[in-house]
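Before any comments, here is the structure.
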Amino acid sequence: MLAPQTNSTSLQCLNNVEKKIIRVLELGGLVVEELANSTGPKTDVLAGYCREFMQSIKEIQMTLREEIKSACEYRPFEKCDYSSRIANEICFEKLQYVIEQLEDMKKTIDQFTDDS
């Protein structure tokens, strides 16, 4: 199994997966060589390659599944307050505009009542 390293980063884990994939490809090549052996394939050698191949595939799948799961859980903007802050600033600007309009209306009303 790919060793879970507590201090390893996702990139290190993915690098280890890449090395495992390379090993799996090498194992595939070794199996083909063994099958093409002129004296015939050795069953115990083939079984060993196949066991290592299958174990490596399982480890790769588990590691990738965990990396994908942790990537989905990581949401860098989850606690970001940018959108709410911008919405508040827009509301503030709108309120300032309404207050200005109300003050202008009050001045107009006051001028109209003073003239009367």
Side-chain angles (χ1 to χ4, degrees):
M1 183 170 148
L2 296 178
Q5 301 165 350
T6 55
N7 295 332
S8 69
T9 65
S10 288
L11 290 177
Q12 288 170 326
C13 287
L14 294 174
N15 187 41
N16 290 338
V17 166
E18 183 180 14
K19 290 176 184 176
K20 272 287 196 197
I21 290 171
I22 291 169
R23 177 63 184 153
V24 162
L25 293 172
E26 289 172 350
L27 285 169
L30 291 171
V31 166
V32 170
E33 281 181 17
E34 189 60 36
L35 288 172
N37 192 343
S38 61
T39 60
K42 298 177 184 158
T43 322
D44 56 332
V45 173
L46 279 177
Y49 290 154
C50 290
R51 268 193 302 279
E52 186 180 347
F53 179 89
M54 291 307 295
Q55 185 60 38
S56 295
I57 293 293
K58 287 178 187 176
E59 291 169 4
I60 290 167
Q61 285 178 328
M62 286 183 354
T63 304
L64 288 177
R65 190 175 296 126
E66 287 302 313
E67 286 302 313
I68 290 168
K69 188 171 121 184
S70 69
C72 292
E73 291 169 358
Y74 175 70
R75 296 186 179 139
F77 302 110
E78 183 177 294
K79 295 181 182 178
C80 179
D81 65 343
Y82 177 77
S83 59
S84 60
R85 217 174 58 229
I86 292 299
N88 285 339
E89 286 181 33
I90 291 170
C91 287
F92 178 75
E93 294 294 325
K94 287 179 179 179
L95 286 173
Q96 274 189 317
Y97 179 76
V98 169
I99 290 170
E100 288 173 11
Q101 294 299 312
L102 288 172
E103 287 174 351
D104 287 344
M105 288 172 62
K106 185 176 184 311
K107 285 179 189 176
T108 304
I109 291 172
D110 286 345
Q111 284 177 349
F112 182 74
T113 56
D114 287 345
D115 290 344
S116 302

_Atom of Gln12, atom of Thr9 and distance for their closest heavy-atom approach_ = OE1-N, 2.7 Å
With a 3.5 Å cut-off and sequence neighbours excluded, list the donor-acceptor pairs that the side chains of residues 41-50 form with protein atoms.
none

Mind checking the [atom1]-[atom2] spacing from [X] to [Y]? Nearest 0.5 Å is all I need.
X      : Y      : atom1 : atom2 : answer
Thr108 : Gln101 : OG1   : CD    : 10.0 Å
Lys58  : Gln61  : NZ    : CD    : 9.0 Å
Ser56  : Leu25  : OG    : CG    : 10.5 Å
Arg65  : Ile68  : CZ    : CD1   : 8.5 Å

_Going by the rule side chain to side chain contact (heavy atoms under 4.5 Å, CB included), which residues pair with Arg23 if we only count those two or more places apart in sequence or in a different chain?_
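Counting only residues at least two positions away or on another chain, Arg23 forms a side chain to side chain contact (heavy atoms under 4.5 Å, CB included) with Glu26, Leu27, Leu30, Glu52.
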*Hey, is the main chain of Ile60 close enough, under 3.5 Å, to the side chain of Thr63 for a donor-acceptor pair?*
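The answer is no, because no donor-acceptor pair under 3.5 Å joins these two groups.
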_In one Ile/Leu/Val/Met/Phe/Trp/Tyr side-chain cluster, 4.5 Å: Tyr97, Met105_ = no
*Single-linkage hydrophobic cluster Phe92~Leu102, side-chain heavy atoms < 4.5 angstrom*: no
_Is the shortest side-chain heavy-atom distance between Glu34 and Asn37 below 4.5 Å?_
yes
_Side chain to side chain, Asn15 and Leu11, heavy atoms closer than 4.5 Å_ =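 A side-chain contact under 4.5 Å is absent here.
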*Check the pair Glu100 / Gln96 against side chain to side chain donor-acceptor pair (under 3.5 Å), numbers first and verdict last.*
CA-CA 6 Å; Glu100 288 173 11; Gln96 274 189 317; 5.9 Å; no
*Which pairs count as side chain to side chain donor-acceptor pair (under 3.5 Å) when at least one residue sits in residues 83-95, sequence neighbours excluded?*
Asp81-Arg85
*Apply side-chain contact (heavy atoms from CB on, under 4.5 Å) to the pair Met62 and Glu66, showing each step before the final yes or no.*
CA-CA 6 Å; Met62 286 183 354; Glu66 287 302 313; 5.7 Å; no
